[in-house]
Amino acid sequence: MSSDVDGGAPPARVGVTEEAAALLARLRTRHGELMFHQSGGCCDGSSPMCYPDGDFITGDADVRLGDLAIAPGPDDGGAGFTVPVWMSRNQFEYWKHTHLTIDVVPGRGAGFSLEAPEGVRFLIRSRLFTDEEWERLQDV
């Protein structure tokens, strides 16, 4: 799992598990650059939805939470890559105190998300920021 501690730098708002990173590398091989948008509860609940980058149009009503840094691996030619993660601004108001980690679990994926045919689904795991992390975020 990604680390949130980096001296006095603001903590990352998003992270990814090794299992989810490996799946993202495979999906990128098939679909090109990727992006996530954290669903707001319509259609597929509140699942993180993975799309080819640009297939989900973001705008002023969305917040870019950060980028998932995927380490170099065999499925990406050893280059590594990043995956931007977005959320609607309204939903962000409810989640702004939390660190989100994208994980993958067995089960049926969301109908519009790229992992759907894989027999797995992306899942958000969340935790509240510590007081120290929250304070560092306020300085940004």
Open item on the list: Let me check something: do M35 and L123 share a hydrophobic cluster, defined by ILVMFWY side-chain heavy atoms less than 4.5 Å apart, either directly or through other members?
Closed with: no

Task: Minimum side-chain heavy-atom gap V105-R125 below 4.5 Å - done: yes

TODO: Applying side-chain contact (heavy atoms from CB on, under 4.5 Å), name anything that partners L128, two or more places apart in sequence or on another chain.
DONE: H97, T98

TODO: List the steps and the verdict of side-chain contact (heavy atoms from CB on, under 4.5 Å) for I124 and F36.
DONE: CA-CA 11 Å; I124 287 289; F36 273 103; over 6 Å; no

Task: For F129 against P11, the heavy-atom pair lying closest together - done: CE2-CG, 4.1 Å

Task: Atom of S113, atom of C50 and distance for their closest heavy-atom approach - done: OG-N, 2.8 Å

Open item on the list: So that I know where these two stand, are F112 and F56 an aromatic pair - ring centroids less than 6.0 Å apart?
Closed with: no

TODO: Would you confirm whether E133, through its side chain, and T130, through its main-chain N or O, come within 3.5 Å as a donor-acceptor pair?
DONE: yes

Kindly list each side-chain donor-acceptor pair under 3.5 angstrom involving residues 58-73, sequence neighbours excluded, with atom names and distances?
residue : atom : partner : partner atom : Å
D62     : OD1  : H37     : NE2          : 2.8
D62     : OD2  : G59     : N            : 3.0
R64     : NE   : D67     : OD1          : 3.1
R64     : NH2  : D67     : OD1          : 2.7
R64     : NH2  : D67     : OD2          : 3.4

Task: Heavy-atom donor-acceptor pair, R13 side chain to H99 backbone, under 3.5 Å - done: no

Open item on the list: Looking at every heavy atom in both Q38 and Q91, which two are closest together, and how far apart are they?
Closed with: O-OE1, 3.4 Å

Task: SB check E93 R89 (cutoff 4.0 Å) - done: no

Open item on the list: With heavy-atom distances below 4.5 Å as the criterion, would you say the side chains of W86 and M49 are in contact?
Closed with: no

TODO: Check step by step if side-chain contact (heavy atoms from CB on, under 4.5 Å) holds for L100 and M87.
DONE: CA-CA 11 Å; L100 304 178; M87 175 183 283; 3.6 Å; yes

- [ ] Decide yes or no for V85 and I102: does some side-chain heavy atom of the first lie under 4.5 Å from some side-chain heavy atom of the second?
- [x] yes

Task: Nearest-0.5 Å distance that lies between atom CG in L23 and atom CZ in R121 - done: 13.0 Å

Task: Nearest heavy atoms of A21 and V16, plus distance in Å - done: N-CG2, 3.7 Å

Task: Cluster check I57, L114: I/L/V/M/F/W/Y, side chain < 4.5 angstrom - done: no

Task: Expected output: side-chain E115 to main-chain F122 donor-acceptor under 3.5 Å - done: yes

Task: Step-by-step side-chain contact (heavy atoms from CB on, under 4.5 Å) determination, D53 to L34 - done: CA-CA 4 Å; D53 194 23; L34 305 171; 5.8 Å; no

